[in-house]
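Structure first, then comments.
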Number of protein chains: 2
Amino acid sequence: MAPHMTTLKGDKFDRPLFESVLKRRLFFTEAFEIYRLSANFKGDNRGLFDYGPPGCALQANLVDTWRKHFVLEENMLELDCTVITPEAVLKTSGHVDKFADWMCKDPVKGEYLRADHLVEGVLESRLSRGVNGPAKDSPKLEESTIAEYKNILAQIDNYDGNDLGDLIKRLDIRNPDGNGEVNPPIPFNLMFKSTIGPSAAAPVYLRPETAQGQFLNFKKLLDYNQNSMPFASASIGKSYRNEISPRSGLLRVREFLMAEIEHYVDPENKDHPRFDEVREVELPLLNKETQLSGKTTLQTMTVEQAIKSKTVDNETLGYFLGRVLLFLLKIGVDPSKIRFRQHLANEMAHYACDCWDAELLTSYGWIECVGCADRSAYDLTVHSKYTGTPLVVKQALAEPVKVEEWQATLDKKLVGPRFKQNAKAIQTAVDALDQTSLTSLASELQEKGIVTISTPALSDGRTSVELSSDLLTISWVTRTRNTREYTPNVIEPSFGVGRILYSLLEQVYWHRPNDTARAVLSLPLSVAPTKVLIVPLSAQPQFAPLVRKLSARLRSLGISNNVDSSNASIGKRYARNDELGTPLGITIDFDTVEDGSITLRERDTTVQVRGSEDDVVQAVRNLVDGTESWEQVSQRLPVFTGQGNDN
Amino acid sequence: MAPHMTTLKGDKFDRPLFESVLKRRLFFTEAFEIYRLSANFKGDNRGLFDYGPPGCALQANLVDTWRKHFVLEENMLELDCTVITPEAVLKTSGHVDKFADWMCKDPVKGEYLRADHLVEGVLESRLSRGVNGPAKDSPKLEESTIAEYKNILAQIDNYDGNDLGDLIKRLDIRNPDGNGEVNPPIPFNLMFKSTIGPSAAAPVYLRPETAQGQFLNFKKLLDYNQNSMPFASASIGKSYRNEISPRSGLLRVREFLMAEIEHYVDPENKDHPRFDEVREVELPLLNKETQLSGKTTLQTMTVEQAIKSKTVDNETLGYFLGRVLLFLLKIGVDPSKIRFRQHLANEMAHYACDCWDAELLTSYGWIECVGCADRSAYDLTVHSKYTGTPLVVKQALAEPVKVEEWQATLDKKLVGPRFKQNAKAIQTAVDALDQTSLTSLASELQEKGIVTISTPALSDGRTSVELSSDLLTISWVTRTRNTREYTPNVIEPSFGVGRILYSLLEQVYWHRPNDTARAVLSLPLSVAPTKVLIVPLSAQPQFAPLVRKLSARLRSLGISNNVDSSNASIGKRYARNDELGTPLGITIDFDTVEDGSITLRERDTTVQVRGSEDDVVQAVRNLVDGTESWEQVSQRLPVFTGQGNDN
């Protein structure tokens with residue numbers, strides 16, 4: 001494809017114009033629109049979008065590229081887990097208690113506002129208007145206030161509910177719609193809740209991420225992987241977040257497609273076996289120190305430098321930042337519009353210990369599209385603790401080691417009858433005690449003759465049990481160890497497919513010089529919804545069999561194509577397909593009937609070449625495979641300037 | 001691939017053995033199993049399954065084949081619509097009121113039983129035991145009772161709640177678990193319900209089918225298709241049914257993947273433009289008359305005969321029955337285990353006017369895997385009526401026609417101020433009046449000076465309005481018509497991907513003669529989870545670079561492959577991959593190091609051939625493309641009988 005971005009330069013991005021193209025070509029549409037437009041619809045369809053044919057094909061191609069780039073390339077173990085999730089799982093993972101946003105109610109309007117967005121919106125408005133209040137004649141902003149507001153905005157994600165409440169009070173922030181005061185922020189859990197089965201006794205949630213299903217299958221995955229470490233699982237599927245107030249089109253929605261990788265790694269060795277392949281990749285980084293100083297300056301460094309300088313914590317995290325960047329470039333993202341931003345401490349999800357977001361630049365600003373989090377051993381540990389199932393790796397040691405250590409032993413003959421169905425959970429809890437705990441328990445047991453042990457949840461709901469010295473012995477023993485046991489850490493690259501799709505569309509959108517009505521989406525061939533448009537010069541019947549044959553030929557080669565035999569002019573039909581991002585066009589004309597030759601048009605340059613059907617089909621195959629560029633094709637085949645051109 | 005079914009013949013299918021293979025190889029697993037196994041889990045995870053790596057890959061390949069066979073082949077307009085659906089939509093479609101199963105509560109056990117399954121289970125048990133009651137010494141079954149029970153079972157799907165209640169009473173059918181009497185059947189709606197947004201005021205459901213989203217976008221799809229008819233939309237996505245009592249593994253689940261086509265057709269012309277391509281396809285049919293006579297005899301006839309004999313109603317429905325059959329054969333379903341069964345009148349979904357199920361034979365009996373329903377104009381009509389949006393096709397007439405007819409006119413100057421936001425809905429209702437209605441309304445308006453008109457739902461919830469003769473005029477006019485307007489009928493082939501996947505796995509499962517421990521899944525290359533297994537003869541380091549290179553080479557050709565470098569014997573590694581359904585195996589041995597030759601093994605026959613890497617890679621490509629068969633390859637390349645064989 002020819003370079004095109006120059007056409008955009010200097011042009012201001014016109015979002016309404018851009019959106020009208022996407023709407024006209026049915027990339028996506030508001031879900032249930034005909035209901036929302038009807039007189040008595042009382043429902044809420046905000047944050048719900050349907051993908052039309054080109055959006056759906058683009059999404060499928062992005063997912064296919066993702067699967068090849070990550071899953072197939074590294075033999076990741078792909079899973080398809082259920083969306084419906086029992087409450088106990090999400091209670092354990094922390095989502096029931098912590099997966100919430102802060103919201104303020106406007107008691108007069110009865111409206112709910114997301115607290116951070118409220119602060120952000122009002123301060124941005126004050127800054128842009130230069131006055132410190134909603135009215136035009138509010139006092140002018142002081143220099144120091146401007147600096148303060150900018151500082152708040154730079155770390156808006158770092159505030160919790162109390163902080164936001166204080167800001168709202170101190171800066172007199174009100175609902176812009178009506179200027180009413182709002183109530184203090186309260187948390188709103190973002191999960192959709194339902195019940196399962198006729199008794200409706202068991203609450204369930206729609207998953208907020210695909211990760212939990214992967215963690216719960218860890219033991220089986222490790223077994224499937226023949227106990228070999230490190231390895232990764234992956235999932236592509238819908239997730240759900242009951243956003244307080246959806247906005248920004250596809251960027252903040254309530255139902256969305258995610259693609260997530262959970263890479264399991266030894267916490268004592270976070271090297272990656274294929275690190276060499278990304279060592280030299282250059283990352284544009286925005287670390288947390290820079291952000292806390294109120295700045296947004298990028299530092300560009302290789303993955304290797306990022307790790308050596310401790311900017312990025314470890315090889316595996318660095319490896320995935322590099323791989324994510326390569327993926328984004330592969331699908332056609334503008335390299336000058338990517339950055340990796342490190343999360344601030346309070347901004348991180350409750351499970352994460354470090355996180356870098358790949359953000360793409362759009363007309364809405366920098367948008368988080370991929371999160372790369374180090375979830376440490378958090379998830380496997382909590383699920384293991386609750387269920388009593390060990391989610392650990394047993395590594396054979398090269399040489400056995402002799403160790404002296406405390407050993408706890410339960411008298412099984414007594415424990416079984418005494419604790420019945422809980423006996424197994426208690427055994428698990430005792431087996432899981434580490435040396436630090438055993439040291440103190442040993443002396444306590446000697447002193448008092450009884451100790452309390454934390455357990456997985458028991459049948460009566462308790463999570464601890466008292467064990468007396470007739471049931472439990474703790475003794476100092478010498479043992480030979482052949483294996484080492486550890487809970488893996490998890491590095492998680494998590495992709496929001498819809499956000500990537502929208503940001504990409506903004507970045508590849510432009511229009512022909514001096515003609516805003518002729519838009520073009522310069523999607524690369526690999527992800528373009530349709531690869532080839534076939535247009536007969538006119539609706540004359542002699543073209544029809546040629547068109548059908550060519551279309552079937554391309555289809556049999558796995559090359560998606562559309563035929564447009566409508567009465568519109570060739571130029572109009574091409575223009576429609578430029579808006580659909582179709583990279584190649586083939587015209588069948590009177591010469592085709594005579595000598596079998598056809599023309600091939602390239603979308604961005606509108607240049608056409610002419611050749612035999614075999615020549616052109618071969619060129620299309622090469623372009624789709626990536627074995628030939630358009631420059632090469634247009635030098636090899638003669639340029640065509642006759643009938644059937646754009647104008 | 002070599003024929004293999006002979007190995008199965010005569011062998012009784014052993015379901016526990018089969019399931020242990022699927023479990024061992026992680027095709028799928030009970031979701032949240034480690035929670036269900038933990039002591040205090042109160043939730044319900046029945047009917048929820050996760051697909052592991054081979055199941056997930058098989059599912060992806062089935063979906064990919066489906067997309068190519070249907071969507072790409074016919075340029076169907078694929079959509080991806082949201083699962084979350086506002087209540088109004090599903091109220092209109094009829095699902096809120098009618099999408100229910102009948103269930104009986106056992107008041108003693110507190111258990112809920114699906115009424116038809118209860119009747120079925122008890123009668124089948126009585127028939128198989130030959131006695132008319134739960135106890136061993138119950139009276140022996142009379143010949144006439146046996147005939148009656150068989151007749152009931154043959155039309156079990158034809159009974160509604162009252163019928164089932166009568167049967168339960170008359171035949172004294174009780175809960176097999178405890179022999180307690182059950183309460184009369186009550187309906188249980190099968191949709192999962194939730195709320196959306198912080199106000200939680202708006203109820204939403206998880207969609208029970210992907211169809212509704214497609215219907216609501218009809219107007220946009222027709223526009224996208226440049227107003228050309230007929231055309232089809234398609235969707236692949238998850239749907240949800242809150243089953244009363246999930247059972248039979250993957251066959252009756254609460255969350256499942258569907259692939260649905262909605263083909264929109266002129267009700268006056270249900271021909272299909274590509275009918276010729278399926279005319280000669282032979283369909284195994286079980287029509288409703290045969291079923292009502294208590295029989296299950298199949299009639300085999302071509303699609304053309306089925307339509308000529310009026311067994312199948314129209315060309316488009318027949319076309320899709322043929323296409324569905326071809327799809328099922330393509331993915332490896334046993335042709336002797338497919339039938340198309342017509343729905344009985346009471347069994348049909350509330351929206352359908354005719355329906356044929358493609359059923360696959362499994363150890364659970366014949367299982368509905370694809371439904372082909374003629375939904376007539378039901379859905380487009382009800383959504384159009386509720387929303388006031390015309391969901392119709394305007395067809396240009398070849399020649400304009402002069403018609404004399406009633407015409408209704410509203411006085412816009414009066415209607416606007418009087419009905420405000422409802423004015424548009426009233427205009428829509430008046431425009432939609434047909435000639436029959438207008439004839440009677442005209443005389444009523446003349447007599448009484450006022451008439452009542454049904455409308456789309458108005459802002460106050462009413463669905464009718466009174467119009468007096470100052471607002472409404474109905475007059476007899478002569479007009480020239482250039483267009484014809486109609487609501488399309490919808491033919492819907494609807495695929496349950498999980499059911500197809502499970503049934504296919506049962507049908508391709510067998511084991512090596514006299515060795516039940518060596519199972520094989522004879523999945524065709526096109527859908528097999530992994531195409532090629534690469535095994536080095538041993539863990540010697542000189543094999544590693546050869547293995548890596550070959551694996552990367554196949555991957556670059558888009559051929560999925562797995563490497564097994566474990567210490568297990570070659571035979572064991574092959575056996576593991578036979579259970580995974582991997583069709584081809586490549587061994588790298590000492591001769592490879594010497595002369596670059598490698599062996600290629602075929603799963604079903606275990607025959608191996610040997611050739612240069614280029615020869616073998618070319619053979620693999622041809623086998624995957626379908627341009628060469630294993631018979632051809634094994635005649636072309638020399639058979640290998642040396643080291644690295646199965647035994």
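The chains referred to below are lettered A, B, ... by the order of the sequence lines, with proteins before strands, and numbering in each begins at 1.
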Problem set entry | Segment of Tyr112(B) engaging chain A (4.5 angstrom heavy-atom cut-off) | side chain

Problem set entry | Lys/Arg N to Asp/Glu carboxylate O, Arg241(B) vs Glu255(B), below 4.0 Å | no

Seminar exercise, completed: So, the part of Asp564(A) with a heavy atom under 4.5 Å from chain B: the answer is side chain

Problem set entry | Asp44(A), part contacting chain B, at a heavy-atom distance under 4.5 Å | both

Exercise. Any chance the side chains of Thr29(A) and Lys220(B) put a donor and an acceptor closer than 3.5 Å?
Worked result: yes

Exercise. Which bit of Phe49(A) is near chain B, if near means a heavy-atom gap under 4.5 Å: side chain, backbone, both or neither?
Worked result: backbone

For this session: Measure Val83(B) against the heavy atoms of chain A and call it side chain, backbone, both or neither at under 4.5 Å.
Result: both

Exercise. Measuring heavy-atom distances to chain A, does Gln212(B) have an atom under 4.5 Å in its side chain, in its backbone, in both, or in neither?
Worked result: neither

Problem set entry | Ala60(A) portion near chain B, given a 4.5 angstrom heavy-atom threshold | side chain

Exercise. Side chains of Thr210(A) and Cys81(A): closer than 4.5 Å at any heavy-atom pair?
Worked result: no

Exercise. Side chain, backbone, both or neither: which part of Phe188(A) has an atom under 4.5 Å from a heavy atom of chain B?
Worked result: side chain

Exercise. Which residue out of Ile84(A), Leu37(A), Leu72(A) racks up the most heavy-atom pairs below 4.5 Å with chain B?
Worked result: Ile84(A)

Exercise. Which bit of Thr85(A) is near chain B, if near means a heavy-atom gap under 4.5 Å: side chain, backbone, both or neither?
Worked result: both

For this session: May I ask you to name which of Pro198(A), Ala202(A), Ala201(A) has the most heavy-atom pairs under 4.5 Å with chain B?
Result: Pro198(A)

Exercise. If you count heavy-atom pairs under 4.5 Å between each of Asn75(B), Val89(B), Ile244(B) and chain A, which one has the most?
Worked result: Val89(B)

Problem set entry | Segment of Lys424(B) engaging chain A (4.5 angstrom heavy-atom cut-off) | neither

Exercise. Most heavy-atom pairs under 4.5 angstrom with chain B, which of Lys238(A), Glu78(A), Glu33(A)?
Worked result: Glu78(A)

Problem set entry | Any donor-acceptor pair under 3.5 Å from Asn242(A) side chain to Gly197(B) backbone | yes

Exercise. Under a 4.5 Å heavy-atom cutoff, which of Ile236(A), Val563(A), Val71(A), Asp50(A) has the most pairs with chain B?
Worked result: Asp50(A)

Exercise. Partners of Arg548(A) by salt bridge (Lys or Arg N to Asp or Glu O under 4.0 Å), sequence neighbours excluded?
Worked result: none

Problem set entry | Glu73(B)/Arg67(B) ion pair, N-O < 4.0 Å | no

For this session: Would you mind checking which part of Ser235(A) comes under 4.5 Å of any heavy atom in chain B, side chain (CB onward), backbone (N, CA, C, O), both or neither?
Result: neither

Seminar exercise, completed: Max heavy-atom pairs within cutoff under 4.5 Å with chain A, candidates Gly43(B), Ser228(B), Ser194(B), goes to Ser194(B)

Exercise. Should the heavy atoms of other residues, nucleotides or ligands under 6.0 Å from CG of Asn567(A) be counted, would the total exceed 12?
Worked result: no

Problem set entry | Lys/Arg N to Asp/Glu carboxylate O, Glu30(A) vs Arg46(A), below 4.0 Å | no

Exercise. With chain A, which of Ser566(B), Ala552(B), Ser38(B) has the greatest number of heavy-atom pairs at distances under 4.5 Å?
Worked result: Ser38(B)

Exercise. Measuring heavy-atom distances to chain B, does Thr82(A) have an atom under 4.5 Å in its side chain, in its backbone, in both, or in neither?
Worked result: both

Exercise. Checking Leu206(A) against chain B: side chain, backbone, both or neither under 4.5 Å from a heavy atom?
Worked result: side chain

Exercise. Chain A heavy atoms under 4.5 Å from Pro54(B): which part of the residue, side chain, backbone, both or neither?
Worked result: both

For this session: Below 4.5 Å from any heavy atom of chain B, which atoms of Ala31(A) appear? Answer side chain, backbone, both or neither.
Result: side chain

Problem set entry | Partners passing salt bridge (Lys or Arg N to Asp or Glu O under 4.0 Å) against Glu74(B) (at least two apart in sequence or in another chain) | Arg323(B)

Exercise. Between Lys219(A) and Asp223(A), does at least one N-O distance fall below 4.0 Å, as a salt bridge requires?
Worked result: no

For this session: Check each atom of Pro456(A) against the heavy atoms of chain B and say whether the ones under 4.5 Å are side chain, backbone, both or neither.
Result: neither

Exercise. For Leu391(A), is it the side chain, the backbone, both, or neither that has a heavy atom closer than 4.5 Å to a heavy atom of chain B?
Worked result: side chain

Exercise. Are more than 12 heavy atoms from other residues, nucleotides or ligands located less than 6.0 Å from atom NZ of Lys42(A)?
Worked result: yes

For this session: Verify the distance criterion only: is there a donor paired with an acceptor across the side chains of Ser459(B) and Asn422(B) at less than 3.5 Å?
Result: yes

Exercise. Aromatic ring centroids of Phe218(A) and His383(A) under 6.0 Å?
Worked result: no

Exercise. Checking Leu458(A) against chain B: side chain, backbone, both or neither under 4.5 Å from a heavy atom?
Worked result: backbone

Exercise. Hey, are the side chains of Glu87(A) and Lys193(A) touching, using non-hydrogen atoms and a 4.5 Å cut-off?
Worked result: yes

Exercise. If you count heavy-atom pairs under 4.5 Å between each of Tyr386(B), Phe32(B), Tyr35(B), Tyr51(B) and chain A, which one has the most?
Worked result: Tyr35(B)

Seminar exercise, completed: Per-residue tally against chain A (heavy atom, under 4.5 Å) across Met76(B), Glu243(B), Arg254(B) peaks at Arg254(B)

Exercise. Under 3.5 Å, is there a donor-acceptor pair between the side chain of Asp625(A) and the main chain of Thr627(A)?
Worked result: no

Seminar exercise, completed: So, the part of Glu111(B) with a heavy atom under 4.5 Å from chain A: the answer is neither

Exercise. Just by modelled atom types, is the Asn45(B) backbone N or O under 3.5 Å from a matching donor or acceptor in the Arg36(B) side chain?
Worked result: no

Problem set entry | Portion of Leu580(A) that has a non-hydrogen atom of chain B nearer than 4.5 angstrom | side chain

Exercise. Can you name the nearest heavy-atom pair linking Ser384(B) to Thr389(B), along with the distance?
Worked result: OG-O, 2.7 Å

